[in-house]
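Working notes, structure below.
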Amino acid sequence: MTNSHPLYINGQWVTGTKTVTNINPSDLSDIIGEFDQASAEQTQQAISAAQSGFAQWSKSGLEQRYKILMAIGDELIARQDELGELLSREEGKPLAEGKGEVYRSGQFFHYYAAEVLRQIDERAESVRPGVEIDIRREPLGVVGVISPWNFPMATAVWKIAPALAFGNAVVFKPANLVPASAWALTEIISKQDLPAGTFNLVMGSGGETGETLISSPGVQAITFTGSLEVGRRVAAATVGNLVKCQLEMGSKNALIVLDDADLDLAVEAAFNGAYSGSGQKCTASSRLIVTDAVHDEFVSKLKARLEIAKVGHALEDGVQIGPIADKRQLESNLAWIERAKADGATLAYGGSRVEAENDGYYMAPTLFTGTTNTMAINRDEIFGPIACVIRVPDYETALATLNDTQYGLTAGIITNSLKIASDFKARAQTGCVMVNLPTAGTDYHVPFGGRKNSSFGPREQGQYAREFYTVVKTCYVRA
Ligand SMILES: NC(=O)c1ccc[n+]([C@@H]2O[C@H](COP(=O)([O-])OP(=O)(O)OC[C@H]3O[C@@H](n4cnc5c(N)ncnc54)[C@H](O)[C@@H]3O)[C@@H](O)[C@H]2O)c1
């Protein structure tokens, strides 16, 4: 990869108005590159280019769309080692997770390539004799894609792939902290024979590039993944223009561990759910709700698991917990730890920064016990390797505690009772439910999303994506 990284607008690489420096959070001396920033005017140019691209791409043949999406998926999968390393370098997740994310991104393109060929419209009888009705789906037009930093490639791809598959043009604004994966993806897409303007990359800040995109009446839809605060702003701006929007936001997921749980399984699920990706996942299990009878044994086993977890450089062999993505996030995590202590939580493990030779943003995986669900640390999303144990007497209290939150993305339970598992599936107020599995980790061919303040608008992924990326037209014909 070269050191300078321009924008991609109307089928051309274009120099931005300024640049940001992308730094490896595992090693602050490792500069990944300079990445151009799109001004408001350039973002507008990308939207105009996308309108022209849409005019052609929306009329493209199915075979053409299928082949292009397959080719993008093929290249991502073929280059998973190289691009996975780049992703881990810029975001800090361990190398296996970085490669896995690139591989998964390839799978999303393959899945939506197949969806291109699977679209069948509906026909209805008319109440008026001699009139035929067909109900068809059409592309929307220009879709603005805004993605977060924690999954630099996958979140963008699970939006871009269906947007293109259903015949839309895209203006893509990645998070400024992780532009390298977005740029590498754009380079792969740019090699395909797409009409100019069908796909555009505008790297830049939320305040300028993002605001221009969400405030433009020239886009027909905005698909956003990020924080609740920014999600609310995206909703306000798009509703003002009557532009369709889809929001996937934060959460405060909980894993319940019951008396009858297999405790080794519970500890692995808690470890994976709370600490993988340094807890920087919308699906992270930041609340561990444990019943009295197994509380002490579970806590002691989880502490033993944390003791052997290797924290370190994302590219180093055997590392399970990489650095925090940036300084601001690290400082926020450390402030949360102080707040929890001040509120009366007991620090059971970790709780501090881990100093390293290369100044990386490392911190110890952290566990609190003796917390209540009313403490601030159990109300707000933290987005770091910090989990809090909440002790409860029984399943009913555990479930009520799990549901007592403004969020509703994923919920997990570890139990051997089929009856309780079945009840939990029905009563957890979340978009995804996991039984004897971590709260994080989903498949790519089924819908993904949440309830309450975690999600807004139609579901993402799988066949459900069609609802957002298309519009319905009802046609009446008198033969
Ligand atoms: N539910 C999910 O599927 C899911 C998945 C991954 C991450 N997340 C959430 O993402 C958050 C972490 O990501 P983040 O810190 O990048 O979120 P963020 O909200 O700060 O930023 C998300 C994106 O919005 C852009 N943005 C910021 N201000 C904007 C504005 N005014 N107008 C338009 N765009 C703007 C940012 O530049 C970035 O590209 C967490 O809350 C996490 O839970 C949710």
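Counting starts at 1 for both ligands and their atoms, following the listed order. None of these values were measured; they are calculated from a predicted model.
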Among all protein non-hydrogen atoms, which one is nearest to atom 3 (O) of ligand 1, and what is the separation to 0.1 Å?
-> F448 CE2, 3.2 Å
Do L76 and L83 pass the side-chain contact (heavy atoms from CB on, under 4.5 Å) test, and can you show the C-alpha distance, the side-chain angles, and the key distance before you say yes or no?
-> CA-CA 8 Å; L76 284 169; L83 297 180; 4.1 Å; yes
When you check the side-chain N and O atoms of T19 and E34, is any donor under 3.5 Å from an acceptor?
-> yes
Tell me which protein heavy atom sits closest to atom 20 (O) of ligand 1, plus the residue, atom name and distance to 0.1 Å.
-> S227 OG, 4.0 Å
Please determine if K327 forms a cation-pi arrangement with Y361, meaning its NZ or CZ atom is less than 6.0 Å from the six-membered ring centre and no more than 45° off the ring axis.
-> no
Closest by any non-hydrogen atom to atom 37 (O) of ligand 1: pick that one out of Q280, E460, K173.
-> K173
Distance-only N or O hit between ligand 1 and W149, under 3.5 Å | yes
Under a heavy-atom criterion of less than 4.0 Å, does T225 contact ligand 1?
-> yes
Where is the nearest protein heavy atom to atom 5 (C) of ligand 1: which residue, which atom, and how far?
-> C282 SG, 3.0 Å
Which ligand 1 atoms are under 4.0 Å away from a heavy-atom of F224?
-> 19 (O), 22 (C), 23 (C), 24 (O)
Looking at atom 1 (N) of ligand 1, what's its closest protein heavy atom, distance included?
-> M249 O, 2.8 Å
Between K93 and L87, is there a donor-acceptor pair closer than 3.5 Å when you use the side chain of the first and the backbone of the second?
-> no
Just one of T410, T283, T405 clears the side chain to side chain donor-acceptor pair (under 3.5 Å) bar with N253, so which one?
-> T410
Give a yes or no on whether the backbone of N10 and the side-chain of N200 come within a donor-acceptor separation of less than 3.5 Å.
-> yes
Per-atom filter on ligand 1: closer than 4.0 angstrom to a heavy atom of L409 are 1 (N)
Would you confirm whether the ring centroid of F383 sits within less than 6.0 angstrom of the ring centroid of W149?
-> yes
Between P174 and ligand 1, which residue portion shows a heavy-atom distance shorter than 4.0 Å: side chain, backbone, both, or neither?
-> backbone
Measuring to protein heavy atoms, does anything land under 4.0 Å from atom 18 (P) of ligand 1?
-> yes
Which heavy atom of the protein is the closest neighbour of atom 6 (C) of ligand 1, given with residue, atom name and distance?
-> N150 OD1, 3.3 Å
Taking only non-hydrogen atoms of G210 and a 4.0 Å limit, the atoms of ligand 1 in range are 32 (N), 33 (C), 34 (N)
Are R328 and E331 close enough for a salt bridge, meaning some N to O gap below 4.0 Å?
-> no
Distance to 0.1 Å, residue and atom name: give those for the protein heavy atom nearest to atom 9 (C) of ligand 1.
-> G226 O, 3.2 Å
Would you mind finding which of F172, Y407, F151, F383 brings a heavy atom closest to atom 12 (C) of ligand 1?
-> F383
Looking at K159 and E248, does any basic side-chain N land under 4.0 Å from a carboxylate oxygen?
-> no
Close aromatic pair by centroid cut-off 6.0 Å: Y111 and H445 | no
How far is atom 39 (O) of ligand 1 from its nearest protein heavy atom, and which residue and atom is that?
-> S147 O, 2.7 Å
Any N/O of E381 closer than 3.5 Å to an N/O of ligand 1?
-> yes
What residues form a side chain to side chain donor-acceptor pair (under 3.5 Å) with S29, not counting sequence neighbours?
-> D27
At what distance is the nearest protein heavy atom to atom 31 (N) of ligand 1, and which residue and atom is it?
-> E211 OE2, 2.8 Å
